[in-house]
Amino acid sequence: MAQRIDGKALAARYKAKAAAEAAALREKGVQPRLAVVLAGENPASKTYVAGKARDCAECGILSDVIELPEQTGEQELLARVAALNANRAVHGVLVQLPLPAHISTSRVIHAIAPEKDVDGFTPVNVGRMVLGEECFLPCTPAGCLAMLQSTGVPLAGKDAVVIGRSNIVGKPMALLLTAQDVTVTLCHSHTEHLREKCAAADILIAAVGRAGFVTADMVKPGAIVIDVGINRGTDGRLCGDVDFAAANERASFITPVPGGVGLMTRAMLMHNTVKAARLQSAAL
């Protein structure tokens, strides 16, 4: 039976630290502030944004939510981002994804000022991460790494498999693990012998967006399993990419869904926002 990695408790610790740092900045006359742009009517996006606003309130971070209609043009959205970049009272700028189909996600992300890119998605921050330089780490991979480190299991020398090669989770996750001296195999829809590769991994990270994709025979006995997926099962309930009940019998540590990676993603956003405020105030 695996030991559950409690995302709620770990996120609470990271948020408490962010709140303490925000309070220290306020004593110096700096009020950390995050602006979130939400374009469209995606219900999941609205839920995520509402959660981020609650986290900001808990951490003493001002939160502005800029809601734009589905038909908002790309130039209008880019102009909003430019205005937030120029606003010295705003320290973090986040554009909630996915965007409406007629807007280029790439152009919008490229438009965010790197020093305000608390999602860690801009080319400047991604490049710095690749080079091992100081940067804003993408929140979900950073949260996953924190959860791995919380187990107390030494990561150096371990073999990891990351399922999913997205720019938001899979690719940066592989980089962060490599920086911890982990040997990483990055798998995707064209990977041959995926089941065998997963079954040999000491660390298995699933980020494919398919409910129950990882079955028991894909989990090495004693492996650490991090489930990034958030899906709706046939019963309508939230579930991950991992068959939790089956993997729970084989893994040494496992993250639940809900109550796992999602909470840590939001906690790392709070960390990045306070860091942005600190760096920008120091630069004045």
Side-chain angles (χ1 to χ4, degrees), residues 5 7-19 21-22 32-38 44-45 47-56 58-59 61 63 65 90-99 105 108-109 112-130 134-150 162 164-177 179-180 205-207 209 226-230 240 255 257-279:
I5 303 174
K8 185 176 182 180
L10 189 60
R13 292 203 290 273
Y14 272 84
K15 285 165 62 179
K17 183 179 179 183
E21 292 175 351
R33 186 173 176 182
L34 172 68
V36 179
V37 181
L38 175 61
S45 292
T47 299
Y48 294 150
V49 169
K52 291 166 184 174
R54 289 194 299 271
D55 290 336
C56 284
E58 291 177 19
C59 293
I61 298 170
S63 173
V65 178
V90 173
H91 304 104
V93 175
L94 184 157
V95 178
Q96 183 64 45
L97 303 179
L99 290 171
T105 298
V108 172
I109 289 174
I112 298 170
E115 67 273 15
K116 297 189 178 187
D117 172 31
V118 289
D119 254 342
F121 289 168
T122 61
V124 169
N125 279 307
V126 172
R128 288 173 178 163
M129 178 178 58
V130 171
E134 182 64 31
C135 65
F136 292 108
L137 295 176
C139 298
T140 297
C144 291
L145 180 59
M147 297 181 93
L148 284 169
Q149 292 170 329
S150 76
V162 178
R165 55 178 170 179
S166 72
N167 292 332
I168 294 174
V169 181
K171 290 177 184 176
M173 190 75 250
L175 286 167
L176 294 185
L177 288 171
Q180 297 295 316
I205 299 178
I226 306 291
D227 191 349
V228 182
I230 300 179
T255 62
V257 178
V261 173
L263 296 174
M264 280 302 295
T265 296
R266 286 163 44 185
M268 299 314 291
L269 175 63
M270 299 300 102
H271 165 81
N272 280 354
T273 301
V274 174
K275 176 180 176 179
R278 184 176 65 251
L279 292 175

Ignoring hydrogens and angles, write down the donor-acceptor pairs under 3.5 Å from the side chains of residues 259-266, residues two or more places apart or on other chains.
from: Thr265; atom 1: OG1; to: Thr140; atom 2: OG1; distance (Å): 2.9
from: Thr265; atom 1: OG1; to: Val261; atom 2: O; distance (Å): 3.1
from: Arg266; atom 1: NE; to: Asp55; atom 2: OD2; distance (Å): 2.6
from: Arg266; atom 1: NH2; to: Gly51; atom 2: O; distance (Å): 3.3
from: Arg266; atom 1: NH2; to: Asp55; atom 2: OD1; distance (Å): 3.1
from: Arg266; atom 1: NH2; to: Asp55; atom 2: OD2; distance (Å): 3.3

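Side chains of Leu97 and Asp119 form no contact here, defined as non-hydrogen atoms less than 4.5 Å apart. Side-chain contact between Leu148 and Leu177 is present, with at least one heavy-atom pair separated by less than 4.5 Å.
A distance-only check finds a donor-acceptor pair linking the side chain of Asn125 to the backbone of Phe136 [under 3.5 Å].
Counting all heavy atoms, side chain and backbone alike, Ala207 lies closest to Val228 at CB-CB, 3.9 Å. Between Val90 and Lys116, the shortest heavy-atom contact is O-NZ, 2.9 Å. Residues Ala18 and Val274 share a closest heavy-atom pair of O-CG2, 3.7 Å. Taking all atoms of both residues into account, the shortest heavy-atom contact from Ile226 to Cys144 is CG2-SG, 3.8 Å. Among all heavy-atom pairs drawn from Cys59 and Ala22, the shortest one is O-CB, 3.4 Å. When all heavy atoms are compared, the tightest approach of Asn272 to Val118 is ND2-O, 2.9 Å.
Applying the side chain to side chain donor-acceptor pair (under 3.5 Å) rule to Gln180 yields no partners; only residues at least two apart in sequence or on another chain are considered.
Summarising the geometry, atom CG belonging to Leu175 is positioned 12.0 Å from atom CG belonging to Leu145; distances are rounded to the nearest 0.5 Å. Here the CG atom belonging to Asn167 is positioned 9.0 Å from the CZ atom belonging to Phe121, to the nearest 0.5 angstrom. The structure places OG1 of Thr105 at 4.5 Å from CG of Leu99, a figure rounded to the nearest 0.5 Å. One finds the NZ atom of Lys275 at 6.5 Å from the CG atom of Leu137 (value rounded to the nearest 0.5 Å). Between the SG atom of Cys56 and the NZ atom of Lys15 there is a distance of 9.5 Å, given to the nearest 0.5 Å. Between atom CG of residue Leu94 and atom SG of residue Cys139 there is a gap of 7.5 Å, rounded to the nearest 0.5 Å.
Exactly one of His91, Arg33, Lys52, Met270 qualifies for a side-chain contact (heavy atoms from CB on, under 4.5 Å) with Ile61. That residue is Met270.
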